[in-house]
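Structure record follows, encoded as structure tokens.
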Amino acid sequence: MLDISLIRAKRDWVEGEIAKLNTKAPIAQIVALDSCRRELLTEAEELKHRRNVVSKEIGRMKEAEDRQAKITEMRAVSDRIQALDKQLRQVNEELREAMLWVPNLPHYSVPVGPDEDHNIILRDEGEPREEDFKLLPHWDLGPKLGIIDFERGVKLSGTRFYLLRGLGSRLQRALIQWMLDVAVDQHGYTEMHLPLMVRAEMMVGAAQLPKFADNIYHDAEEDFWWLGTAEIALTNVHRDEILPPDSLPITYVAYTPCFRREKMSAGRDVRGIKRGHQFDKVEMYRFTRPETSYHALEEMVEQAAYLCQALEIPYRVVEMCTGDLGFQASKKYDLEMWAPGCQEWLEVSSLSNCEDFQSRRANIRFRREKGGKPEFVHTLNGSALALPRVMIAIIETYQQADGSITVPDVLQSYVGASSISA
RNA sequence: GGAGGGGUGCCAGAGCGGCCGAAUGGGGCGGUCUCGAAAACCGUUGUGGCUCUACGAGUCACCGUGGGUUCGAAUCCCACCCCCUCCGCCA
């Protein structure tokens with residue numbers, strides 16, 4: 001959520017920034033509702049002041065006649081207040097709802113561009129593999145090795161579901177374990193185990209609702225919402241808190257399954273394990289002071305990139321342009337791994353600085369010093385990494401001429417094997 | 001799932017419908033005393049909105065949440081959320 005006073009003071013500038021995002025927001029409506037709200041508020045509060053004063057007088061009055069006269073007068077005042085409050089409630093609700101549809105604004109450093117074709121490839125690491133034999137895509141190699149089972153996944157749950165089997169399952173578990181260990185042991189993150197379903201307010205706080213309701217699994221009976229990413233739960237861990245001085249930065253890492261309806265990408269990426277309704281992910285998360293959040297973002301990019309390097313898989317770092325920033329981010333980087341079988345760059349990580357966009361929604365603040373005024377924290381999130389796509393990259397990159405897969409060095413002790421064969 | 005109890009400020013804990021933004025104790029912060037510390041004593045200790053002649057002033061709101069009754073609600077009524085205890089059931 002943006003600061004309403006920013007919209008009030010610099011409306012044209014805000015509208016210009018939103019235009020860069022190649023999206024729309026109900027700014028005109030917000031400005032109108034805001035001024036309406038303040039008019040109603042002023043009148044209501046003046047009347048309430050009068051009522052407070054006179055009501056105290058009534059309490060002290062002895063003469064029944066005087067008393068009754070004042071009570072009659074105040075009855076009218078109260079009726080008016082009630083009417084104003086009712087209007088005010090409605091205006092407030094409309095204003096809040098409208099504010100929830102306004103996207104975050106881009107950081108000044110973000111390149112301006114209408115869509116993903118204008119993203120910037122910052123760097124490219126590692127040589128894409130070329131062989132004299134044909135490198136198979138994972139959807140062929142996986143079933144051949146008995147480590148991915150598409151048919152039975154579909155039998156159980158329908159399209160976009162699959163099973164991992166044997167060393168395939170173990171390889172993924174090894175990756176999860178290894179990535180958590182790196183985050184905790186090398187980078188000092190605190191590991192979290194989270195609820196996978198949360199209340200609707202958490203979805204609003206993390207800026208998933210109201211805009212992305214279509215993409216979220218929802219249990220109507222209990223009103224539980226399933227995580228599309230651990231970011232949603234992590235954002236709300238410190239909801240409605242004022243963090244004491246010296247508590248920042250707070251850094252968390254969590255492994256969770258993620259659930260997405262994928263309504264927007266119906267018919268796309270249906271082959272293989274690239275885009276399922278359920279996938280696993282290790283997520284890094286930080287709460288920082290405003291002045292350190294961009295440094296933190298760069299650190300997180302390096303931490304995610306380290307994983308790609310350690311796995312010895314070619315990857316690249318892409319900086320999102322304004323048109324591809326999404327709803328919550330002020331600045332965002334993607335990490336992509338090269339999958340030589342399906343000949344595709346796969347997004348394995350997305351790292352964002354949301355500044356105070358989520359912390360305003362979820363009301364997460366901190367104090368610089370004892371007695372200082374509460375300020376909103378900055379929140380950052382980044383995958384480290386998304387499992388299915390890393391699995392694809394490993395399976396395709398490490399395949400051998402005999403059809404087996406060599407296990408990357410860093411994972412061998414976790415997998416308990418150096419290669420996977422049929 | 002059944003029965004009961006409860007949600008008040010940083011914590012504990014009071015609170016006849018007006019004198020309650022809230023007693024009292026503890027904690028924190030500042031000070032007196034002290035070579036220093038402890039003890040004792042004194043003072044202080046929330047968040048948000050709006051307005052303005054704006055490093056300040058005024059005002060409104062906030063005692064789980066949302067409504068209602070009333071001239072006036074922490075106090076009365078309704079709904080919801082959460083917590084605790086006991087019983088039942090269960091990985």
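Within every chain, numbering begins at 1; the chains are lettered A, B, ... in the order of the sequence lines, protein sequences first and strands thereafter.
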Whether over 12 other heavy atoms sit under 6.0 Å from A/Q309 CD =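 Yes, the 6.0 Å shell around CD holds more than 12 heavy atoms from other groups.
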Over all strands shown, is [X] touching base, sugar-phosphate only, or nothing at heavy-atom distances under 4.0 angstrom?
X: A/R67; value: base
X: A/R360; value: nothing
X: A/Q82; value: sugar-phosphate
X: A/I58; value: base
X: A/K48; value: sugar-phosphate
X: A/R50; value: nothing

What nucleotide, of B/C71, B/U59, B/U47, holds the atom closest to the side chain of A/I71?
->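 Of B/C71, B/U59, B/U47, B/C71 is nearest to the side chain of A/I71.
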Basic-acidic side-chain contact under 4.0 Å: A/R260, A/D214 =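 Judged by the 4.0 Å cut-off on N to carboxylate O distance, A/R260 and A/D214 do not form a salt bridge.
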Under 4.0 Å: is that the gap between some side-chain N or O of [X] and OP1 or OP2 of [N]?
X: A/R89; N: B/G67; result: yes
X: A/R199; N: B/C81; result: no
X: A/R51; N: B/U59; result: no
X: A/N52; N: B/U59; result: no
X: A/R38; N: B/C50; result: no
X: A/S78; N: B/G72; result: yes

In whole Å, what separates the P atom of B/A22 from that of B/A38?
->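 To the nearest whole Å, 31 Å.
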